[in-house]
Protein chains: 2
Amino acid sequence: MAKAKRVLKWQRDPEGMRIRILEAAKQEFAAHGLAGARVDRIAANAGANKRMLYYHVGNKEDLYLEVLEGAYEQIRAEERGLDLEHLDPPEAIERLIDFTWNYFIRNPEFLALLNTENLAKARHLKRSTKVKSMHSPFVEMIRTVVNRGVESGDFRVAVDPVQLYISIAGLCFFYLSNSATLSVIFGRDLLKKEARDERLAHMVALVLAALTGKSTADFGKVKAAGLRAPAHQPV
Amino acid sequence: MAKAKRVLKWQRDPEGMRIRILEAAKQEFAAHGLAGARVDRIAANAGANKRMLYYHVGNKEDLYLEVLEGAYEQIRAEERGLDLEHLDPPEAIERLIDFTWNYFIRNPEFLALLNTENLAKARHLKRSTKVKSMHSPFVEMIRTVVNRGVESGDFRVAVDPVQLYISIAGLCFFYLSNSATLSVIFGRDLLKKEARDERLAHMVALVLAALTGKSTADFGKVKAAGLRAPAHQPV
DNA sequence: ACAGTATTTATCCAACGGGTTAATTTCTCG
DNA sequence: CGAGAAATTAACCCGTTGGATAAATACTGT
């Protein structure tokens, strides 16, 4: 009995616990929305007791807001890492689209969270000074790129950077966020590798063609990346 | 007491009841999603007893699916009414964008329902033979328009109609579906009249510029409809 | 080693929410 | 006009769920 080395029933790890809780919450909210999310499932997936959520973060809505803020924080951080200054304008735009597209693919929860927040009419976001203070560098990046493009003659016209930003995001977002229903409607898997590649090529071609006035190879190639529609009745 | 002309407590109206239930359900599901929707609220807003939902339609999920199918049915019907045959290609494309844009504006519940269904990974849509059999005429319309455009020389290149369809829908969908969060991020109301007009002009200009190679007035005009970004830090 | 605090576990509960059962009223048609 | 079917109301049931309370265990500094 002297050897009875005291065996721990559990260890303290507040930081780790908090991280696991927020990660589990992110997955849960992304998968089921705010109303559909279950506090017990979050706790279980975090390997925690339900009480921990309230101890470390707060109630369900606090948890949700924290997740949402974290999601914005993350994308803003990655956006800042993208420097388009040294690229010539068309390449910069392509890089921008490529980044947006792949960020969305790598972080599907982000798309789901945005949809959930929009279902709530941005009720939480409005109260978050944190998010409102996190400005995306993209609009300014686009503005300078477009200006440079117009000066160099690469681009024919000036475009409102906000509109262009929303357009690029929209081209990527809609395809991915709605891939489930679109895949059913069109009767083909829009998320498989070839389909994704084809989509990226199309988006880049579309935007660059509009800006430069010259059609790039991909946009023009009829056969390229299966730009042809399959011979059937889609919707 | 002989005069006691029997006063009715309620009247029978199965068809009307069914319609009111489905309408109330559409609003409820659009406003709160599948998990957030409340059966009692649907009943109340339909001016009915909760039992009526189960009597006329079925359980919550049946109700949801019926609403979803109805939404697809409606847009398909309106789509068929749009004939692009007699327009020359650029005008046809503009008409297409205009229709899509305004349909989404007139039917915001449709956007919300699609988001809800995608959150559910299209689980219900997959089981709906009804929706799968309703083919949108748009892809075929686009195909012929693009072909005509290429032949006439209006368009420089052939584009996959499916990609173009998704792009047009995406440009409209994202802006409207995410207007709540975007409005907060950009610090301005994206749904007010001027903003909507500006957006429509931008989308038409973007797509037509890409297809025709010529920049239209709106796309080029720097001042037009406030294409200029406001002088501040958005996002 | 021990007192005090931080962290975690173990239960509990009241309200909510989907769905059901049973009674009531209206309508139809012979 | 009256009986049976259709439509609707009223009341109830019961598992789920967010949240709270209380007790236990692990750390930390002295």
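Because only heavy atoms are used, hydrogens play no part in the values below, and waters and symmetry mates are left out as well, while side chains stay in. The sequence lines fix the lettering, A, B, ..., with proteins before strands; numbering per chain opens at 1.
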Problem set entry | 4.5 Å side-chain heavy-atom contact, B:Val207 and B:Ser167 |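 Counting from C-beta outward, B:Val207 and B:Ser167 never come under 4.5 Å.
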For this session: Considering just the side-chain nitrogens and oxygens of A:His56, establish if one lies under 4.0 Å of OP1 or OP2 belonging to C:dA6.
Result: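 Negative; the distance criterion is not met.
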Exercise. Does A:Arg38 make a side-chain N or O approach to OP1 or OP2 of D:dT17 shorter than 4.0 Å?
Worked result: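 Indeed, a polar side-chain atom of A:Arg38 lies that close.
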For this session: Verify the ring-centre separation between B:Phe99 and B:Phe138: is it less than 6.0 angstrom?
Result: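 Distance test on ring centres: under 6.0 Å, yes.
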What integer distance in Å separates [X]:[atom1] from [N]:[atom2]?
X	N	atom1	atom2	result
B:Tyr55	C:dT21	OH	P	16 Å
B:Asp13	D:dT8	CG	P	7 Å
A:Asp62	D:dG18	CG	P	14 Å
A:Ile21	C:dT7	CD1	P	12 Å
B:Asp40	C:dT20	CG	P	14 Å
B:Ile42	C:dG17	CD1	P	12 Å
A:Tyr54	D:dG19	OH	P	4 Å
A:Leu53	D:dT17	CG	P	15 Å

[X] side-chain proximity, nearest of [options]:
X	options	result
A:Pro14	C:dT7, D:dT25, C:dC27	C:dT7
B:Met17	C:dC27, D:dT17, D:dT9	D:dT9
B:Met52	D:dT9, D:dT17, C:dT9	D:dT9
A:Leu8	D:dA26, D:dG18, C:dG19	D:dA26

For this session: Apply the test ring-ring contact (aromatic ring centres under 6.0 Å, His included) to residues B:Phe29 and B:Tyr64: give CA-CA distance (whole Å), side-chain angles for both, the deciding distance (0.1 Å), then the verdict.
Result: CA-CA 7 Å; B:Phe29 286 124; B:Tyr64 168 77; 5.4 Å; yes
For this session: For B:Gln11 and for B:Asn49, find the nucleotide of DNA chain C with the closest heavy atom, then tell me which residue's nucleotide is more 5'.
Result: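 Result of the comparison: B:Asn49.
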For this session: Using salt bridge (Lys or Arg N to Asp or Glu O under 4.0 Å) as the criterion, point out the one residue from B:Lys130, B:Lys60, B:Arg18, B:Lys26 that pairs with B:Glu66.
Result: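 Per the salt bridge (Lys or Arg N to Asp or Glu O under 4.0 Å) rule, the option paired with B:Glu66 is B:Arg18, out of B:Lys130, B:Lys60, B:Arg18, B:Lys26.
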Exercise. Does any donor atom in the side chain of B:Ser177 or B:Asn115 lie under 3.5 Å from an acceptor atom in the other side chain?
Worked result: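 There is such a pair (donor and acceptor under 3.5 Å, judged by atom type) between the side chains of B:Ser177 and B:Asn115.
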Problem set entry | Donor/acceptor link under 3.5 angstrom from B:Lys50 side chain onto base of C:dG19 |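 In this structure, the two groups form a donor-acceptor pair.
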Exercise. Under the 3.5 Å rule, do the base of C:dT8 and the side chain of A:Arg12 count as making a donor-acceptor pair?
Worked result: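 A donor-acceptor contact between them is absent.
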For this session: Determine the contact category for B:Ala43: base if any of its heavy atoms lies under 4.0 Å from a base atom, sugar-phosphate if only primed atoms, P, OP1 or OP2 are that close, otherwise nothing.
Result: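 Nothing, no heavy atom under 4.0 Å.
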Exercise. Of A:Trp10 and B:Arg51, whose closest DNA chain D nucleotide lies nearer the 5' terminus?
Worked result: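 Taking each residue's closest nucleotide, the earlier one in sequence belongs to B:Arg51.
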